[in-house]
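To find a chain, count down the sequence lines: A is the first, B the second, and so on, and within it residues start at 1.
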Amino acid sequence: MMAQALRVLRRTPLHAVVIGMCLIWLIPAIGLLVSSFRPPRLVAATGWWTAFIPPLQFTLDNYRQVLGAYNMGRSFMNSLFISLPATVIPIMVAAYAAYAFAWMRFPGREILFTIVVGSLVIPLQMTLIPVLRLFTSLDLVGTYPAIWMAHTGYGLPFAIYLLRNFIGALPKDLLEAAAIDGADPLTVAPMTVTVSNLVNSLGQNWQLLTAAAFISMSVPLVVFFTLQRYFVRGILAGAVKG
Amino acid sequence: MVSRKVRTQAGLSTVAWIVIMALVVVAGAGAYYYAQRRAAQPQPQEKIGGTVTVLGVWGGSELESFLAMVKPFEEASGVNVEFEGTRDLNAVLTTRIQGGNPPDVAGLPGPGQMAEFAKAGNLVPLNTVVDMNAMSEQYAQSWIDLGTVDGNLYGIFIKAALKGLIWYNKPKFEQAGYTIPQTWDELMALTERIAGEGKTPWCIGLESGAASGWPATDWIEDIVLRSAGAGIYDQWYRHEIAWTDPRIRSAWEQFGRIATNPKYVYGGTQGVLATNFGESPNALFTDPPGCYLHHQATFIQDFIQKQYPNLRAGEDFDFFAFPTITANVPKAVVAGGDLFGMFKDTPQARALMKYLTTPEAYAIWVKRGAALSPNRKVSADNYPDPLSRRAAEILTAADAARFDASDLMPEALNSAFWKGTLDYVQAPHRLDEILGNLERVAQEAYKK
Amino acid sequence: MASTLLLAAVVMAGVPLLQFGYAVLIEAGIRRLPERRQWALRPWLWLAPALGFIGIFLIYPAISTVVLSLFDARSVRFVGAQNYVFAFTHPEMLIAFRNNLLWLVFFTGFTVSFGLLGAVLTDRVRYEGVAKTVMFLPMAISFVAAGVIWKFVYEFRPAGAPQIGLLNAALTGLLPGFRPLAWLVDPRTNNFALIAVAVWVWVGFCLVILSAAVKSTPAELLEAARVDGATEWQVVLRIMFPLLMPTITVVATTMIIFALKAFDVVYVMTSGNFGTEVIASRMYKELFNFRHFGRASAIAVILFAATVPVMVANIRRFRQQEAIR
């Protein structure tokens with residue numbers, strides 16, 4: 001009893017810090033959530049926390065407007081069409097390149113890798129005009145394949161950089177062990193990249209303030225929550241033991 | 001990876017088949033898609049048909065008004081008007097023009113930018129697109145001149161706004177016993193009186209995203225026009241006189257007498273800089289009023305009525321014209337407006353541009369409120385409330401109308417002007433440095 | 001719509017198949033070659049698709065950027081280093097350099113340390129999944145939406161009026177006599193206010209990557225140290241930390257690059273006004289608003305050059321990594 005109380009007491013700071021961080025991260029977003037249910041006039045006049053003081057004045061109008069007038073349903077599908085292939089393609093392509101960078105030796109490897117990672121820094125804005133010119137000459141402007149290809153090009157350096165580090169950090173015998181029992185070591189690392197990529201391309205699109213912002217967050221969050229299990233302790237460690 | 005290599009040695013031919021199949025399917029789907037897109041290209045027909053793409057900054061009620069405006073056109077011509085909205089018009093327009101894929105028709109940020117696009121050969125001249133005779137009959141020459149570069153018409157105005165109005169809360173203003181000032185000195189006297197009573201005279205809000213600072217440039221333009229006159233005003237935006245000219249400098253200082261005095265503005269200078277221009281007039285209507293006077297163009301009426309739907313225009317709030325500053329300077333007003341230009345010469349774009357210049361088109365938007373028509377043939381009966389009717393009358397009756405000077409300047413200078421006003425409100429003692437910098441930007445911008 | 005749906009489905013299934021098949025086919029192809037030639041050729045074939053994409057979408061535009069940086073506004077007249085002189089002397093650019101330095105130090109420092117703290121601490125609580133999701137949540141938000149969210153935090157109303165911004169409301173409520181601050185306008189606070197938003201967004205990313213690394217530290221090693229009587233602090237600092245070092249470097253590199261490229265938050269919230277300009281926002285203005293392609297390109301090249309030291313450090317680390325395995 002005493003020991004347990006002591007244990008709880010000793011762990012209090014830990015919980016305080018974790019819960020405190022969660023609150024700091026959550027409260028601004030709660031402000032958005034609450035505001036999305038308030039009439040615009042009130043949003044401009046009083047703080048969102050006052051919404052809970054009677055008389056309660058909540059409304060679904062913002063959502064109705066965003067879903068109706070701005071054709072969110074269609075944007076939503078568009079976003080899925082853009083983001084799913086735009087996530088899968090770069091990771092597939094990057095996995096091969098990262099593997100080559102991590103485990104093969106060939107002349108010019110370091111220079112090439114520097115260039116690939118260096119291209120992370122190229123400001124995308126500078127590439128828009130030349131790329132659009134290319135698409136115009138191929139009559140691909142505004143088509144899905146064009147968008148997928150562009151996302152692939154832009155997403156690759158980051159994916160290669162992260163994957164190269166995951167793959168490079170794996171002990172050599174892990175790869176061999178995995179090869180023997182048929183488990184694919186690559187499935188673990190890409191998951192992290194997948195999530196961050198998917199979240200980026202999905203979260204990027206609509207900007208219709210509160211209600212839209214909230215709808216746009218829901219999908220990436222569900223994806224992230226579902227993929228949580230891939231971040232659980234022991235996947236890599238277990239593989240080495242196996 | 002290794003596992004795949006090991007595993008697949010045996011079944012190589014099966015895999016090769018799968019790959020070839022996948023390749024065929026992907027290529028087939030791509031070709032089908034591509035062909036479909038091709039087929040969807042417009043075919044000119046009798047009732048024209050097809051599509052015209054329009055790029056603009058509008059959203060919300062402005063977009064609804066525009067769509068209502070083009071609806072009769074769509075029905076009559078069978079042309080589908082596809083509006084693409086963006087908050088960042090400059091970025092999208094520049095990218096698409098440089099990328100060789102401009103929209104058919106686009107809103108232009110201002111006559112200054114229009115001239116830049118026209119000189120670069122991006123815009124299609126409209127002389128053969130619209131009926132020039134009807135244009136000169138229906139528009140004041142100044143509106144046509146604003147859309148003209150090197151003798152060719154490139155831009156038409158979709159709607160206009162009257163600037164230089166001072167808005168006030170009528171019941172509260174009268175209750176306090178104030179009277180409408182006729183001269184700048186009277187305005188300053190009223191300002192001092194209100195402040196002396198322990199109240200705040202002005203609401204000023206300069207925040208407007210990437211364009212923050214523009215409401216202050218409107219102030220300075222109004223002051224230059226009424227203190228130095230239209231002639232100096234023209235020389236100023238054409239950069240025939242320097243930014244450091246004493247007449248320009250004193251206009252900044254006169255603005256600064258109000259905007260940088262923490263007793264005169266609601267929330268002090270931080271309030272001026274941090275308040276959004278659209279939310280700024282709200283303080284007129286709080287109880288007790290946060291302020292008594294607000295300087296803004298006609299379109300602010302829409303913002304006021306969105307926030308306070310129960311207020312009646314003309315009874316609960318009203319405006320008076322920016323007062324005379326120098327007695328012998330002829331009365332002049334500053335106007336603003338939204339320009340449209342044509343980037344691609346298609347039959348559909350031509351038809352749309354022609355339609356947009358007709359009085360019938362303007363009447364639709366004007367009736368919906370919050371906009372004035374640059375076309376004289378739109379009768380005053382179309383305006384939905386006494387305030388916009390009066391504004392329209394002032395606009396047509398003015399001895400001299402001048403366009404928003406900052407919008408006439410090259411974009412680099414316009415943007416530096418916006419930013420300069422923010423720096424000035426934050427640090428008034430740096431005025432000489434700010435004007436010197438603007439002069440440098442101007443010298444470079446007018447050189448090219 | 002239907003054809004798009006079909007296309008998307010085909011691409012989703014087809015591309016991995018193609019990639020897989022590509023590997024199999026090239027393996028089959030080069031197997032016919034002598035062993036030595038095989039190893040000379042293989043890496044290039046594996047890299048080819050990625051290099052193709054990067055070449056078209058990034059390297060080619062980058063080269064054209066370098067060329068354009070030596071030309072005038074409309075890219076017609078050669079002006080030599082003039083655009084670079086502008087970039088290094090213009091007062092706004094000097095402010096931008098200073099601010100990027102602030103971003104480099106504070107953004108990188110806070111994202112990595114919060115990420116690390118979160119990764120180590122959430123590993124020890126039962127509601128780990130929820131806690132991590134909460135901190136990851138901002139990653140799911142576009143920068144425009146993040147801007148809106150933080151407007152509700154930083155919003156300023158004159159003293160006396162009801163504060164609708166959380167920060168001013170809390171401070172005026174808790175500290176008597178506190179005068180509300182315009183956080184994004186006041187030059188003492190605005191850069192830090194912007195960096196805080198970016199930190200809020202990116203900590204989730206650092207957390208997830210670092211958390212994966214924490215999970216892969218061998219439990220036996222930690223347990224052995226505990227049995228030997230090490231305190232929890234010692235376990236974390238002496239054993240876990242060195243094991244995490246490679247991942248921390250990766251995360252820090254990524255954050256440094258983002259700090260240099262910092263743009264969205266600044267553009268959405270202050271547009272670079274009030275002394276908050278950063279290099280990338282200035283580049284954006286030169287490119288899209290002033291259409292001075294020469295200056296925009298020169299600024300982009302400088303941005304690129306600034307990361308060379310980071311790249312060198314990374315390459316050195318990779319060499320070490322390869323030396324020890």
Side-chain angles (χ1 to χ4, degrees), chain B residues 1 4-5 8-9 12 15-16 18-23 25-26 28-30 32-33 36 87-88 90-95 97-98 109 113 116 120 200 207-213 265-271 273-275 283 286 290 410-412 414-415 418-419 422-423 426 437 445 448, chain C residues 3-4 6-11 13-25 27-28 31 46 72-74 91-92 144 147 151 154-161 179-187 267-275 277 284-293:
Chain B
M1 274 315 105
R4 280 176 182 164
K5 264 189 283 175
T8 48
Q9 270 168 1
L12 183 62
V15 174
I18 294 175
V19 171
I20 290 163
M21 287 301 287
L23 193 67
V25 174
V26 170
Y32 173 73
Y33 184 78
Q36 281 242 318
R87 293 172 141 205
D88 208 341
N90 267 317
V92 177
L93 208 48
T94 304
T95 308
I97 289 171
Q98 295 297 323
Q113 291 240 56
E116 289 177 34
T200 311
E207 199 277 326
S208 181
S212 290
V265 283
Y266 183 58
T269 50
Q270 287 216 334
L273 296 169
T275 307
T286 53
E411 182 55 24
N414 184 11
S415 158
W418 289 337
K419 197 168 160 26
L422 299 176
D423 293 341
Q426 199 159 38
N437 177 49
K448 14 177 219 204
Chain C
S3 74
T4 311
L6 180 73
L7 185 64
V10 168
V11 167
V15 167
L17 269 179
L18 267 182
Q19 265 279 307
F20 180 43
Y22 173 77
V24 173
L25 284 183
E27 279 303 313
R31 202 146 295 198
W46 280 58
D72 70 345
R74 300 278 170 271
E92 279 295 316
V144 179
K151 282 247 150 133
Y154 293 142
E155 186 72 40
F156 165 87
R157 285 287 186 273
R179 288 190 66 80
L181 263 180
W183 302 95
L184 294 172
V185 170
D186 196 312
Y267 189 71
V268 169
M269 300 199 78
T270 65
S271 309
N273 285 319
F274 314 117
E277 192 88 289
Y284 187 88
K285 283 181 195 166
E286 292 289 348
L287 179 65
F288 293 124
N289 292 349
F290 312 154
R291 283 181 283 280
H292 198 308
F293 299 123

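- With a 4.5 Å cut-off on non-hydrogen atoms, C/Asp72 does not touch chain B at all.
- Neither the backbone nor the side chain of C/Tyr154 comes within less than 4.5 Å of any heavy atom of chain B.
- In terms of heavy-atom pairs under 4.5 Å with chain C, the best-connected choice from B/Gly268, B/Gly267, B/Ala283 is B/Gly267.
- Heavy atoms of C/Leu287 lying under 4.5 Å from chain B belong exclusively to its backbone.
- Note: B/Ala274 leads B/Ala120, B/Ala274, B/Ser212 in heavy-atom pairs under 4.5 Å with chain C.
- Residue contact with chain B, scored on non-hydrogen atoms closer than 4.5 Å, is absent for C/Glu286.
- The shortest non-hydrogen separation linking B/Gly209 to C/Asn273 is O-ND2, 4.3 Å.
- For the pair C/Asp186 and B/Gln270, the tightest heavy-atom approach, listed with the atom from each and the gap, is OD2-NE2, 3.2 Å.
- In this structure, the separation between CZ on C/Arg291 and CD on B/Glu411 is 7.0 Å, given to the nearest 0.5 Å.
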Could you check B/Asn90 against C/Lys285 for side-chain contact (heavy atoms from CB on, under 4.5 Å), going step by step and ending with a plain yes or no?
CA-CA 9 Å; B/Asn90 267 317; C/Lys285 283 181 195 166; over 6 Å; no

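- The minimum heavy-atom distance between B/Ala91 and C/Tyr284, with the atom names listed, is CB-OH, 3.1 Å.
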Please test B/Thr94 against C/Phe293 for side-chain contact (heavy atoms from CB on, under 4.5 Å), starting from the C-alpha separation and ending with a verdict.
CA-CA 11 Å; B/Thr94 304; C/Phe293 299 123; 4.1 Å; yes

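- The choice from C/Pro91, C/Pro187, C/Ala182, C/Ala161 that makes the most heavy-atom pairs within less than 4.5 Å of chain B is C/Ala182.
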Could you go step by step and tell me if C/Asn289 and B/Ser415 meet the side-chain contact (heavy atoms from CB on, under 4.5 Å) rule?
CA-CA 9 Å; C/Asn289 292 349; B/Ser415 158; 5.6 Å; no

Salt bridge (Lys or Arg N to Asp or Glu O under 4.0 Å) between B/Lys419 and C/Glu277: does it pass, once the steps are laid out?
CA-CA 12 Å; B/Lys419 197 168 160 26; C/Glu277 192 88 289; 5.9 Å; no

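- Contact annotation for B/Gln426: only side-chain heavy atoms (C-beta onward) come within less than 4.5 Å of a heavy atom of chain C.
- Here the shortest heavy-atom pairing between B/Gly271 and C/Phe156 reads CA-CE2, 3.4 Å.
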